[in-house]
J.: 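Provided herewith is a single structure, encoded as structure tokens, for subsequent inquiry.
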Amino acid sequence: MLVESIVPTKRFIPKTMFAITKTGLLFMLLLAVTFAGTHAGTQADTQYTEHTDRVVEDLQKDALSSDLAWDILASLTSEVGPRMGGTEADARAVTWAVEKMHALGFDHVWTEAVTFPRWVRRSESAEVVFPGQQRLVITALGGSPATDGPVEAEVVQYEGLEALKAASEQDVRGKIVFLSSRMPKSQTGQGYGETVGIRSSGPFVAAGKGASALLIRSVGTDSDRLPHTGAISASVPGERVPSAALSNPDADNLMIMLSGNRPVRVRMNLDVGFDGDAVSQNVIGEFTGSGRTGKRILIGAHLDSWDLGTGAIDDGAGVALVMAAARLVSALPGRPMNDIRVVLYANEEQGIFGGREYAERYGADLANHLVGAESDLGADRIYRFKTRVGPEAAPVIKRLAWHLARLGIEDASDQVAGGGADVGQMGKLGMPVIDLNQDATRYFDLHHTANDTLDKVDPEQLRQNLAAWVTLAWLTADSRDAFGPLPPAP
């Protein structure tokens, strides 16, 4: 509002009122100066917001035309390939990550040791021996003990874990248990959580009932004759039986055999097992913020993979995305106020070892971890985001939603985020977290299989992911709004 719009011009002022009006004019000018100062502050805030918006829009444009994430991912999958925790390739992956972070210009790069039991896969096979000989396509589950030579027994089928729990020991003892429940396909991937218990807990339940071995239908949504591996729970105490996953077509075939009137016998031979302890590393890189606040946002992915494919979607894509996002944001002429820390976690697959180690080490520094996010659901389009933040963060979350909407990402910030397997370990302590949810419709077709290779990654969808990640990284790292603190997550 201008002064001239509220003060009459001189030609409308009667002479008899001039003295009063002069006093009034002085008063109005004082008000105008005060208002102008207040308005200037508002303008400065507006200019800051407009600047932020321009930065984010430019970052999104750059990300949508960038091959940086693809190049990082191609480098990891071709130069290292499969990198199961505790293997020689796992060590090469650590070296690769340190060198790549230095090449990308991270200000600080370091490693922190993570120790875990080493599990080794040497060979695996299974076949139906009665009523007719047929090869079964299997893969041993991570953490399975060996069969110590071939084990042959009659197969007994249960639909899922609860049915096995309800079975009598008499019906199970000495048999090979087959758990046949199939994971449903969905965009959210929620069927994984509903089904994965047959893999993580099934070996313990089968052992408790005296089974000689366990076969499960692969926890996956494909119809390829490729089995899905994955870990038996590393936190459940007790004995476990030798355990393997069948490909979905083999599981279907076995069910048809079992529907007949004759018993089905299977022979399994798993040369696998634990072999001492291994040491790997969490690889950490940090870009220092312009404010030198000592506070940081945490973005992460796990560096290890299973040994069947090259780990492109699980979790090479996540590794590439968080590294590329940090690089693009920090390469700007003006960096965000707070630091951006990237953590590539060790051996998530066999027990979240890197995430747990990081939380144990940095739990006392929780106040300096402003907010965290993890990429670990492949490389298909991000379609929504969720949050677990304090009410003070409402302004930045609102702006995040506005910018992500341009990328076709739905605002589900009223739904509670979990933070992911690794980053979520800090979330459990009370660190605020944000989830960028990818479309999981085809993720579990490939998950933990030999089909997890670079050709399954769509470069255009990877760029959309990167655009979302630079948006999240810039807005959170440059935010003056508090995200927490929060109480520990349940």
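Excluded from the calculations below are hydrogen atoms, water molecules and symmetry mates; all remaining heavy atoms, backbone and side chain alike, are included.
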J.: State, with a plain yes or no, whether a side-chain heavy atom of D445 is found less than 4.5 Å away from one of N451.
T.: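 A side-chain contact under 4.5 Å is absent here.
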J.: Check the pair E392, D481 against side-chain contact (heavy atoms from CB on, under 4.5 Å), reporting the backbone distance first and the verdict last.
T.: CA-CA 6 Å; E392 305 87 350; D481 299 314; 5.7 Å; no
J.: Let me confirm one number: the OG1-CG distance from T449 to L226, rounded to the nearest 0.5 Å.
T.: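 Between T449 OG1 and L226 CG, I get 5.5 Å after rounding to 0.5 Å.
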J.: Given side chains that start at C-beta, do those of I138 and P227 come closer than 4.5 Å, heavy atoms only?
T.: no
J.: Taking the side chain from R92 and the backbone from T87, do they hold a donor-acceptor pair closer than 3.5 Å?
T.: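 Not at all, since once roles are kept as given, no pair shorter than 3.5 Å links the two residues.
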J.: Do the non-hydrogen side-chain atoms of M337 and R480 ever get within less than 4.5 Å of each other?
T.: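 In contact.
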J.: What's the spacing between T441 OG1 and Q187 CD if we round to 0.5 Å?
T.: 5.5 Å
J.: Mark yes or no for whether R381, through its side chain, and Q464, through its backbone, hold a donor-acceptor pair below 3.5 Å.
T.: no
J.: In this structure, are over 12 heavy atoms from other groups packed under 6.0 Å from E57 atom CD?
T.: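 Counting neighbours around CD of E57, more than 12 heavy atoms of other residues, nucleotides or ligands fall under 6.0 Å, so yes.
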J.: Rounded at 0.5 Å granularity, tell me how far NE2 in H403 sits from CD in Q60.
T.: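 Interatomic distance, H403 NE2 to Q60 CD, rounded to 0.5 Å: 7.0 Å.
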J.: With rounding to the nearest 0.5 Å, note down the distance linking CG in L407 to CG in N465.
T.: 10.0 Å
J.: So do Y358 and L298 actually touch side chain to side chain, heavy atoms under 4.5 Å?
T.: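 A side-chain contact under 4.5 Å exists here.
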J.: Show every ring pair (Phe, Tyr, Trp, His ring centres under 6.0 Å) that has at least one partner inside residues 78-110, sequence neighbours left out.
T.: F106-F287
J.: Is any side-chain heavy atom of R182 closer than 4.5 Å to a side-chain heavy atom of T195?
T.: no
J.: Which is it for E112 and R361 under the side-chain contact (heavy atoms from CB on, under 4.5 Å) test, yes or no, and what are the steps along the way?
T.: CA-CA 10 Å; E112 293 173 350; R361 185 182 292 259; 3.1 Å; yes
J.: Given V470 and D62, is the side-chain contact (heavy atoms from CB on, under 4.5 Å) satisfied, shown in steps?
T.: CA-CA 10 Å; V470 295; D62 289 345; over 6 Å; no
J.: Does S201 use its side chain to pair, donor to acceptor, with the backbone of I198 at less than 3.5 Å?
T.: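 Pair absent, no side-chain N/O of S201 close to backbone of I198.
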J.: Less than 3.5 Å apart, any donor N or O on the side chain of T115 or D277 sitting next to an acceptor on the other?
T.: no
J.: So, R335 and T288: side-chain donor and acceptor under 3.5 Å apart, yes or no?
T.: no
J.: Below 30° counts as parallel, above 60° as perpendicular, anything between as tilted: where do the rings of H447 and Y443 land?
T.: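 The arrangement is tilted - the two ring planes meet at 30° to 60°.
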J.: Between T229 and R121, is there a side-chain donor-acceptor contact under 3.5 Å, judged purely by atom types and distance?
T.: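 R121 vs T229: donor-acceptor pair found between side chains.
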J.: Looking at every non-hydrogen atom in both residues, tell me the closest pair between A245 and S218 and how far apart they are.
T.: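 Looking at all heavy atoms of both residues, the closest pair is CB-OG, 3.7 Å.
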J.: side-chain contact (heavy atoms from CB on, under 4.5 Å) for T139 and W306? Distances and angles first, verdict last.
T.: CA-CA 11 Å; T139 185; W306 282 107; over 6 Å; no
J.: Would you call the rings of Y192 and F444 parallel, tilted or perpendicular, where under 30° means parallel and over 60° means perpendicular?
T.: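 Rings of Y192 and F444: parallel, as their planes differ by under 30°.
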J.: Determine the minimum heavy-atom distance between S144 and W119, stating which atoms define it.
T.: O-NE1, 3.0 Å
J.: Can you confirm whether R341 sits close enough to Y362 that some side-chain heavy atom of one is under 4.5 Å from a side-chain heavy atom of the other?
T.: yes
J.: Would you indicate whether the side-chain heavy atoms of N437 and T188 approach each other to under 4.5 Å?
T.: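 Side chain of T188 against side chain of N437, heavy atoms only: no contact under 4.5 Å found.
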J.: Salt bridge or not for R296 and D365, using N-O below 4.0 Å?
T.: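 Yes, R296 and D365 are salt-bridged.
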J.: For W469 versus S375, what's the shortest heavy-atom pair and its separation?
T.: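 That would be CZ2-CB, 3.6 Å.
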J.: Would you say L400 and T476 make side-chain contact, with heavy atoms under 4.5 Å?
T.: no
J.: Classify the side-chain pair H302/N347 by whether it contains a donor and acceptor separated by less than 3.5 Å.
T.: no
J.: Backbone N or O of G418 within a donor-acceptor pair of the D435 side chain at under 3.5 Å?
T.: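 Yes; at least one donor-acceptor contact below 3.5 Å.
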J.: Of all heavy-atom pairs between I397 and S413, which one has the smallest distance, and what is that distance?
T.: CG2-CB, 3.8 Å
J.: Could you go through residues 482-490 and list every donor-acceptor pair under 3.5 Å that involves a side-chain atom there, pairing it with any protein atom two or more places apart or in another chain?
T.:
none

J.: Donor-acceptor pair, distance only, cut-off 3.5 Å: does the side chain of W474 make one with the backbone of P336?
T.: no
J.: Closer than 3.5 angstrom, by distance alone: can the side chain of R384 be matched with the main-chain N or O of A412 as a donor-acceptor pair?
T.: no
J.: With a 4.0 Å cut-off on N to O distance, would you call D222 and K185 a salt bridge?
T.: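 No.
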J.: If I take atom CZ from residue F385 and atom CD1 from residue I409, how far apart are they, to the nearest 0.5 angstrom?
T.: 8.5 Å
J.: With a 3.5 Å distance limit and no angle check, can you tell me whether S305 reaches the backbone of R83 through a side-chain donor-acceptor pair?
T.: yes
J.: Using atom types as modelled and distance alone, determine if a side-chain donor or acceptor of D67 lies under 3.5 Å from a backbone N or O of W70.
T.: no
J.: Out of curiosity, E348 CD to Q425 CD, how far, rounded to the nearest 0.5 Å?
T.: 9.5 Å
J.: Is the side chain of Q415 donor-acceptor paired with the backbone N or O of K386 at a distance under 3.5 Å, no angle test?
T.: no
J.: Out of D422, T111, V322, D304, which one pairs with L344 under the side-chain contact (heavy atoms from CB on, under 4.5 Å) rule?
T.: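 Passing option: V322.
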J.: Of the non-hydrogen atoms in R388 and G427, which two are nearest, and what is the gap between them?
T.: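 Looks like NH1-O, 3.8 Å.
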J.: Answer yes or no: is there a donor N or O on one side and an acceptor on the other, between the side chain of S247 and the main chain of R225, under 3.5 Å?
T.: no
J.: Taking all non-hydrogen atoms of both residues into account, name the closest pair between A401 and D411 and its distance.
T.: CB-OD2, 3.5 Å
J.: Among D380, D452, D458, D224, whose salt bridge (Lys or Arg N to Asp or Glu O under 4.0 Å) with R442 holds?
T.: D380
